[in-house]
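Data block below; observations after.
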Amino acid sequence: MKWLGKLFKSGSGRGGGRRHPQYLGDENMVWHAPARSVDDHSRGDKEKEDADRAVALSSAEDLRRQNGCRWRTDDDANAARELNDRLDAPSYRPHSPTQYYQGLGYRVCGGCSREIIYGNYLGCMGTFFHPECFCCRACGKAITEYEFSLAGTYPYHQSCFKELSHPKCEVCHQFIPTNEAGLIEYRCHPFWTQKYCPSHEHDNTARCCSCERLESWNSTYVSLGDGRRLCLECMESAIMDTGDCQPLYHAIRDFYEGMNMKLDQQIPMLLVERQALNEAIVGEKNGHHHMPETRGLCLSEEQTVSSVHRRPRFGGNRLVGMRTQAQKLTRKCEVTAILVLYGLPRLLTGAILAHELMHGWLRLKGYRNLNPEVEEGLCQVLSYMWLESEVMPGYRSAPSTSAASSSSTSSKKGEKSTVETKLGEFFKHQIANDASPAYGGGFRAANAAVNKYGLRRTLDHIKYTGLFPL
């Protein structure tokens with residue numbers, strides 16, 4: 001039996017023991033590959049001969065025992081036969097995917113395309129891998145966890161797949177949480193596609209008064225001092241006082257003149273704070289105002305207005321040192337003045353000016369008692385046309401305006417930054433998709449009429465009927 005014990009230990013060490021499969025997910029496991037040998041049949045025969053020799057030696061020892069005492073029993077023979085069977089059995093888990101065998105029965109790694117000769121290998125997705133070759137598609141590192149994610153035919157670490165597929169809030173930069181139903185719920189801006197947690201709509205997160213984007217936790221918006229905040233991108237081209245706005249105002253008047261819509265009167269223009277604009281709205285009897293925020297006003301009544309006389313300077317994330325000046329506006333014609341909120345980007349300021357100038361043009365040309373959809377719709381069309389002239393390269397006045405229209409010139413000609421061009425597209429998007437009946441519905445009806453009949457014929461029809469041509 002000493003020989004049996006010796007052979008048992010020797011066979012165990014040479015075979016390496018049975019390896020239990022390691023599971024990755026529900027369908028993937030790691031198996032222990034058989035060690036390669038030059039002549040597996042010769043090794044098996046030798047092991048069988050060793051076992052037979054052990055049985056024979058054990059029997060010889062029994063015959064030499066005195067007093068007929070036998071050490072070998074039937075149990076000993078059974079044990080020898082069992083050991084012999086175990087030595088003949090393979091030392092690795094049997095498997096049957098013969099369709100993946102190549103050459104002499106060995107596999108090719110789906111990662112490195114080299115033959116799997118020895119050691120552990122992994123079976124997954126209909127092929128086999130060295131453990132170090134089964135890598136995450138995102139980070140390129142080996143997947144060693146028991147579970148992983150699969151997208152198409154590409155494996156991922158679960159953490160990497162979450163980074164790729166689970167939306168992150170662009171305000172707090174955390175994974176957007178699930179709602180009570182277990183679904184990922186978030187808000188998304190229709191133009192900027194900024195995704196954010198629903199909670200940020202109610203937790204006093206600042207929103208840019210120009211582009212509507214929410215303030216990210218890793219950036220700081222500028223406070224304009226009247227309850228409004230401005231993002232840094234909009235701040236790059238912001239117009240801060242009345243003097244700075246004069247060149248833009250004159251350029252927009254030239255835009256009107258280029259479409260044979262010259263304004264005969266010199267209408268004063270002032271940049272004002274939010275409080276001054278709201279007070280002017282209260283004192284104004286005429287006009288339809290865009291709620292909840294009105295950013296421009298065409299005055300027809302005499303008022304005293306506080307305008308921004310000197311631009312403020314930066315003080316941390318605030319604007320300080322603003323100087324205002326009270327100015328009495330007297331009525332010399334149908335239009336007293338045009339007021340616009342200060343601190344808005346150049347393109348938004350220009351769009352507001354183009355809108356309010358159209359109000360002034362209609363009043364000066366005798367267009368009386370128009371309903372809000374018609375008047376506001378026309379003003380939005382002129383605002384939209386001016387924005388197009390600024391953001392579209394090589395823009396000329398649309399052929400639908402009038403046959404006699406000359407090419408328009410936009411202010412600050414030259415290459416615009418990508419940021420400013422994108423802002424211009426956003427302001428156009430706001431006009432085109434406004435949901436209000438007067439500003440949104442009016443624009444769409446006015447734009448359809450202008451595209452069909454031209455601006456001049458549309459204006460003539462409105463002057464006599466008060467309605468858009470069908």
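In this structure, Cys136 and Ile143 have side chains that are in contact, with non-hydrogen atoms separated by less than 4.5 Å. Proximity of Asp434 to Phe443: side-chain heavy atoms (C-beta onward) are nowhere separated by under 4.5 Å. Residues Tyr342 and Met240 meet the side-chain proximity criterion, which asks for heavy atoms closer than 4.5 Å. Proximity of Leu183 to Thr178: side-chain heavy atoms (C-beta onward) are nowhere separated by under 4.5 Å. No side-chain heavy atom of Met358 sits under 4.5 Å from any side-chain heavy atom of Glu375. Using a 4.5 Å cut-off on side-chain heavy atoms (C-beta onward), Leu347 and Val391 make contact. Annotation: side chain of Lys452 is not in contact with side chain of Arg457 (no heavy-atom distance under 4.5 Å).
Closest of all the heavy-atom pairs between Trp386 and Ala351 is CZ3-N, 3.5 Å. Of all heavy-atom pairs between Cys133 and Cys109, the closest is CB-SG, 3.5 Å. Residues Glu373 and Pro437 come closest through the heavy atom pair CG-O, 3.6 Å. Contact detail for Ala238 and Leu230: the closest heavy-atom pair is CB-CD2, 4.0 Å. Of all heavy-atom pairs between Pro469 and Thr458, the closest is CD-CG2, 3.9 Å. Heavy-atom minimum distance, Lys195 versus Cys188: CG-SG, 4.2 Å.
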Under 3.5 Å, which donor-acceptor pairs link side chains of residues 149-167 to any protein atom two or more places apart or in another chain?
residue: His157; atom: NE2; partner: Ala142; partner atom: O; Å: 3.1
residue: Ser165; atom: OG; partner: Phe161; partner atom: O; Å: 2.7
residue: His166; atom: NE2; partner: Ile176; partner atom: O; Å: 2.8

Using distance only, find each side-chain donor-acceptor pair of residues 209-216 under 3.5 Å and give its atom names and separation, not counting sequence neighbours.
residue: Glu212; atom: OE1; partner: His189; partner atom: NE2; Å: 3.0
residue: Glu212; atom: OE2; partner: Gln430; partner atom: NE2; Å: 3.0
residue: Arg213; atom: NH1; partner: Glu233; partner atom: OE1; Å: 3.3
residue: Arg213; atom: NH2; partner: Glu233; partner atom: OE1; Å: 2.9
residue: Glu215; atom: OE2; partner: Tyr221; partner atom: N; Å: 2.7
residue: Ser216; atom: OG; partner: His173; partner atom: NE2; Å: 2.8
residue: Ser216; atom: OG; partner: Asn218; partner atom: N; Å: 3.4
residue: Ser216; atom: OG; partner: Asn218; partner atom: OD1; Å: 2.6

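Residues satisfying the ring pair (Phe, Tyr, Trp, His ring centres under 6.0 Å) criterion with His429, sequence neighbours excluded, are Phe191. Taking Arg228 as the reference, Asp226 meet the salt bridge (charged side-chain N to carboxylate O under 4.0 Å, His left out) condition, with sequence neighbours excluded. In terms of the side-chain contact (heavy atoms from CB on, under 4.5 Å) criterion, Ala435 has no residue partners (sequence neighbours excluded). Taking Glu356 as the reference, nothing meets the side chain to side chain donor-acceptor pair (under 3.5 Å) condition, with sequence neighbours excluded. Listed by chain and residue number, Arg187 satisfy the salt bridge (charged side-chain N to carboxylate O under 4.0 Å, His left out) test with Glu201 (two or more places apart in sequence, or in another chain). For Phe129, the ring pair (Phe, Tyr, Trp, His ring centres under 6.0 Å) test picks out Phe134, with sequence neighbours left out. In this structure Arg253 satisfies the side chain to side chain donor-acceptor pair (under 3.5 Å) test with no other residue, sequence neighbours excluded. Scanning for side chain to side chain donor-acceptor pair (under 3.5 Å) contacts around Arg274 gives Glu293, with sequence neighbours left out.
In this structure, CZ on Arg207 lies 12.0 Å from SG on Cys231, to the nearest 0.5 angstrom. Between Leu423 atom CG and Thr418 atom OG1 the span is 11.0 Å, to the nearest 0.5 Å. Going from atom CZ of Arg346 over to atom CG of Leu344 covers 13.5 Å, rounded to the nearest 0.5 Å. Taking CG of Leu277 as the reference point, atom CG of Leu271 lies at 10.5 Å (rounded to 0.5 Å). Between the CE atom of Met392 and the OG1 atom of Thr421 there is a distance of 12.0 Å, given to the nearest 0.5 Å. Annotation: the span from Leu348 atom CG to Leu341 atom CG amounts to 9.0 Å, rounded to 0.5 Å.
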Worked verdict on Leu387 versus Ile431 for side-chain contact (heavy atoms from CB on, under 4.5 Å): CA-CA 10 Å; Leu387 283 170; Ile431 293 173; 3.9 Å; yes
Chi angles and distances behind the side-chain contact (heavy atoms from CB on, under 4.5 Å) call for Cys245, Thr349: CA-CA 8 Å; Cys245 194; Thr349 303; 3.8 Å; yes
Arg456/Met261 under side-chain contact (heavy atoms from CB on, under 4.5 Å): CA gap, chis, key distance, verdict: CA-CA 9 Å; Arg456 176 55 56 191; Met261 296 175 61; 3.9 Å; yes
Steps toward side-chain contact (heavy atoms from CB on, under 4.5 Å) verdict (Cys197, Val171): CA-CA 8 Å; Cys197 303; Val171 174; over 6 Å; no
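Aromatic ring orientation, Trp217 versus His200: perpendicular (interplanar angle above 60°, classes split at 30° and 60°). The aromatic rings of Phe426 and Trp192 sit tilted, their planes meeting at an angle between 30° and 60°.
Sequence neighbours left out, not one pair with a member in residues 121-144 passes salt bridge (charged side-chain N to carboxylate O under 4.0 Å, His left out). Each salt bridge (charged side-chain N to carboxylate O under 4.0 Å, His left out) pair with one or both residues in residues 423-432, not counting sequence neighbours, appears once here: Glu425-Lys428.
Tyr256 places no side-chain N or O within donor-acceptor distance of the main-chain N or O of Leu382, the cut-off being under 3.5 Å.
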